[in-house]
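In what follows, every chain begins at residue 1, and chains take the letters A, B, ... in the order their sequences are listed. FYI, side chains are in, hydrogens and waters are out, and symmetry mates aren't considered; it's all heavy atoms of this structure.
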Number of protein chains: 2
Amino acid sequence: MFSKATEYALRATIYIAQKSSITNKLSLAEIANAIDSPPSFTAKILQLLTKDNCVINSVRGPNGGFYITDKAKQLQLRKVLEALNENDMFDKCILGLKKCSENKPCPMHFQYKPIKQQLIHLFHVNTIQQLAEKTDHRNLFNNDI
Amino acid sequence: MFSKATEYALRATIYIAQKSSITNKLSLAEIANAIDSPPSFTAKILQLLTKDNCVINSVRGPNGGFYITDKAKQLQLRKVLEALNENDMFDKCILGLKKCSENKPCPMHFQYKPIKQQLIHLFHVNTIQQLAEKTDHRNLFNNDI
DNA sequence: ATAATTAAAGACAAAATTACCCTTAATTAT
DNA sequence: ATAATTAAGGGTAATTTTGTCTTTAATTAT
């Protein structure tokens, strides 16, 4: 469904929203370990999420790390996809046709349409905070228990 | 959503179902041109669809090419995904967690679940024939009009 | 039989994605 | 001030996906 990059971005964002605060920043190492992702690659993705403080914030140096503000927690989950430039993925034709449209629909167009809209809805209605609250972090990730 | 390979496979299958018959086989060149895909890569994909005659059939030599039997047209669209080994893609966790389940759901699990089921439904209820009939082939592909 | 045509098969190449490493910059604690 | 810590940034490597090319095998028309 999503690229690895997007999966890691979503997992990292949710994890950071669950565990971080301005006074308790999370290091790259902790995040990557918690969400089971390769640290170096995760670093690149966290950079994207940090650009212009679009989703999360970061501070360098001792006791530095990544965190998210209460305000940013109110952002729609869609912002994560935007940061990864994958926001338009749900607009695309399921058969990959460039000019699929209401006027010139592909054979799956009208059946896929309501599903597509629900997928968009999913990322539009949920805030980062809401997702973070959905599950106890103890059994969310690190799921080797 | 899907890989290029899967997109081409679905488009090719639908096109072949629309235009071919045992007496009117379609060449690789015609198919690739019609569905706007790279010929050599499409050849590989058609081979997968032809393996064990799982979806389409092929005949070599003059007036040879690809076609689909009336019987195969009654197959579920899911068979195309199976041939590409992408049949399990809808079973996967949207966040990429290996052990996401009802007992140990990821934060998006229960919201994604009904959408996932509709996606599976889409490929289970539609036969190849039904999809092929959905749109007039003249304005399906070659959509540069 | 022979030549022409078409898919099958295998090797290879290009591009994109994923992953890693090293240096630099910023920040903090001492 | 200095040393330690941590993310940022750049370059590179590995892997996967996508795409190409050439040869072989099968079939047909002549």
Which distance, rounded to the nearest 0.5 Å, do you find between the CD of Q18(B) and the OG of S20(B)? 10.0 Å
Under-4.0 Å side-chain N/O to phosphate OP1/OP2 contact, Q47(B) with dA9(C): yes
Between dA9(C) atom P and L49(B) atom CG, what is the distance in whole Å? 14 Å
Assign K25(A) to base, sugar-phosphate, or nothing according to its heavy-atom contacts below 4.0 angstrom with the strands shown. nothing
Do we get K25(B) above Y67(B)'s six-membered ring, with its NZ or CZ under 6.0 Å from the centre and within 45° of the axis? yes
May I ask you to say what I31(A) touches in the nucleic acid, namely base, sugar-phosphate or nothing, with a heavy-atom cut-off under 4.0 Å? nothing
Q111(B) and N126(A): side chain donor to acceptor below 3.5 Å: yes
Between F41(B) and P62(B), which has a closest nucleotide on DNA chain D that is more 5'? F41(B)
Residue-phosphate contact under 4.0 Å: T50(A) side-chain N/O, dA7(D) OP1/OP2: no
Going through the distances and angles, do F2(A) and F123(A) end up as a ring pair (Phe, Tyr, Trp, His ring centres under 6.0 Å)? CA-CA 13 Å; F2(A) 288 122; F123(A) 286 83; 5.6 Å; yes
First encountered from the 5' end of DNA chain D, between S40(B) and F66(A): F66(A)
What nucleotide among dC20(C), dT18(D), dA8(C) has an atom nearest to a side-chain atom of P38(A)? dC20(C)
Rounded off to whole Å, could you give me the CG-to-P distance for the N24(B) and dT6(C) pair? 13 Å
Rounded to the nearest angstrom, tell me the gap between atom CG in L48(B) and atom C1' in dA7(C). 14 Å
Given dT18(C), dT24(C), dA26(D), the nucleotide with the shortest approach to the side chain of R60(B): dA26(D)
Within the pair N63(B) and dT27(D), is there a side-chain N or O less than 4.0 Å away from OP1 or OP2? no
Pairing check on dA29(D): which nucleotide meets the Watson-Crick or G-U wobble criteria with it, both distances under 3.5 Å? dT2(C)
Can you find a heavy atom in the side chain of Q129(B) that is under 4.5 Å from one in the side chain of Q74(B)? yes
Take the protein atom CD of E30(B) and the nucleotide atom P of dT5(C), then report the distance between them rounded to whole Å. 17 Å
Taking for L28(B) and for K44(A) the nucleotide of DNA chain C with the nearest heavy atom, the one nearer the 5' end belongs to L28(B)
Can you measure I35(A) atom CD1 to dA19(C) atom C1' for me and round it to whole angstrom units? 14 Å
Remember a base hit wins even if backbone is also touched, and classify L26(A) as base, sugar-phosphate or nothing at under 4.0 Å, heavy atoms. sugar-phosphate
Run the salt-bridge test on K98(A) and D36(B) with the 4.0 Å N-O cut-off and return the result as yes or no. yes
Checking all strands, does A5(A) fall into the base, sugar-phosphate, or nothing category for heavy-atom contacts under 4.0 angstrom? sugar-phosphate
Whole-Å distance separating the CG atom of N57(A) from the P atom of dT6(D): 18 Å
Nearest-Å distance, CG (N85(A)) to P (dT17(C))? 11 Å
Taking only side-chain nitrogens and oxygens of Y8(A), does any of them come within less than 4.0 Å of OP1 or OP2 of dA19(C)? yes
How long is the line joining CG of L84(A) and C1' of dT17(C), in whole Å? 13 Å
